[in-house]
Amino acid sequence: MTTDTRSTSSLRHDPLVRGLGWASAALGVPQVVAPAGFARALGVGDAPRHRTATTAVGVRELAAAAGLLGRPHPVWLWGRVGGDLMDLTMLGRALKNHDGRGLGRTVAATAAVTAITATDVYAAVTRTRRSSPMELTAATTVTRSPDEVYTLWKDLERLPEFMVHLDEVRVTGPRTSHWRAGAPFGRTVEWDAEITQDVPGQLIAWRSVEGADVDNSGEARFVPAPGGRGTEIHVSLRYDLPGGPLGQAAARYFGEEPHQQLDDDLRRFKQIAEIGEVVRSEGAPGGKRARGEFPQHPARPLTEDELKEALS
């Protein structure tokens, strides 16, 4: 595995990185200078163990501030993420053993740290580029001939109809195209791709060209199903998810697990190939607009608000 992190000079002028650095400094100073008062402000009391824990957190915050403001590097961002998890653990313990005095302040502090944690995870993942190739494979069977399935798949501009992470595919030449896709944490990535192999009715292979936001490649094979019962589609994808293994774990946590995405994509492709459209359950009436509701789930009655939205 190779690592390609953004340069120190680039991060030094990054508004989010600098903002997190100053936030660490603003939190660290009072925790070190007046740990008892800071602990009371959180509603957790000022017993010796609370003062010691608060001071330790303050020292950690000041170290992060020095790193992010002095020699910024993604490791300091991941350090903040680790510290946030420690803080949430301590606050959770405090809530469990709370005597009721100042409980509202402790609850508010826990909510604030949760929001900060989400920001730190986003900053760490998006400011880190680790080359950790991910390979995905999936297959399905469609009751259509290999030629029909091949023709549908090769119509690249229709790919976003069933690949939920794709926003747009635009054909730019006989073998080239431009892709725009959603990425974890609301990001958008783009790349140009070229077809590297094209065997009508059998195989389509492609890869991104130099300069892509995410290096990727893939192929789709179309094999006659046993007994003449249609076509088996075997898809394999290879790409680098921003953030490497940590980014992959974060993406899974926020419901964007790549393996599940590919399985769902092929399920929707099968529906388009066989009946001409993706079947929407009542639980996902908005289709692709309801991206957050994927992967698809069994139908359920609409709530009153969902019914109003669907009819509007």
Side-chain angles (χ1 to χ4, degrees), residues 1-8 10-28 31 42 53 56-95 106-134 164-165 181-189 213-214 239-261 291-295:
M1 180 179 69
T2 60
T3 302
D4 174 23
T5 56
R6 288 175 55 177
S7 66
T8 297
S10 174
L11 290 179
R12 183 173 288 122
H13 301 290
D14 188 309
L16 179 56
V17 172
R18 291 190 62 78
L20 292 175
W22 286 113
S24 284
L27 287 171
Q31 288 176 304
L42 295 181
V57 171
V59 171
R60 188 199 73 218
E61 291 286 3
L62 290 177
L68 291 173
L69 296 174
R71 292 187 60 82
H73 189 279
V75 70
W76 293 110
L77 296 171
W78 287 112
R80 276 185 57 92
V81 172
D84 292 337
L85 297 178
M86 293 171 57
D87 295 345
L88 287 173
T89 299
M90 289 190 291
L91 286 168
R93 218 173 271 157
L95 285 172
T106 307
V107 171
T110 303
V113 172
T114 301
I116 291 171
T117 301
T119 302
D120 286 338
V121 170
Y122 171 81
V125 169
T126 56
R127 271 69 179 173
T128 304
R129 296 293 299 270
R130 298 174 64 87
S131 178
S132 178
M134 172 174 285
V164 69
H165 65 289
F185 312 110
R187 297 183 68 208
T188 298
V189 293
D213 287 342
V214 177
Y239 65 97
D240 297 336
L241 188 68
L246 288 172
Q248 294 169 18
R252 284 193 293 271
Y253 179 79
F254 285 94
E256 300 184 19
E257 211 286 329
H259 292 87
Q260 184 63 55
Q261 275 193 352
R291 174 175 294 171
E293 298 179 16
F294 289 115

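One is the number of the first residue; the rest follow in order along the sequence.
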For A25 and L62 the tightest heavy-atom approach is O-CD2, 4.1 Å
How many angstroms lie between CG in L69 and CH2 in W76, if you round to the nearest 0.5 Å?
11.0 Å
Under a 4.5 Å cut-off applied to non-hydrogen side-chain atoms, are D120 and L77 in contact?
no
Minimal non-hydrogen separation, A65 against G21, with atom names
CB-O, 3.4 Å
Quick check: closest heavy atoms across A53 and M90, and the distance to 0.1 Å?
CB-SD, 4.1 Å
How far does CH2 of W22 sit from CG of L68, to the nearest 0.5 angstrom?
11.5 Å
Are T89 and M86 packed together at the side-chain level, in the sense that at least one heavy-atom pair is separated by less than 4.5 angstrom?
no
Looking at E61 and D87, what are the two nearest heavy atoms and their distance?
OE2-OD2, 4.4 Å
Locate the shortest heavy-atom distance separating L16 from A123; write the atom from each residue and the value.
CD2-CB, 3.7 Å
Mind running side-chain contact (heavy atoms from CB on, under 4.5 Å) on Q31 and L27 for me, showing each step along the way?
CA-CA 7 Å; Q31 288 176 304; L27 287 171; 4.1 Å; yes
Under the side-chain hydrogen bond (donor to acceptor under 3.5 Å, both in side chains) test, which residues partner T110, sequence neighbours left out?
none
Trace of the side-chain contact (heavy atoms from CB on, under 4.5 Å) decision for R80 with I116
CA-CA 10 Å; R80 276 185 57 92; I116 291 171; 3.5 Å; yes
Rounded to the nearest 0.5 angstrom, the OG1-CG distance for T117 and L88 is 4.5 Å
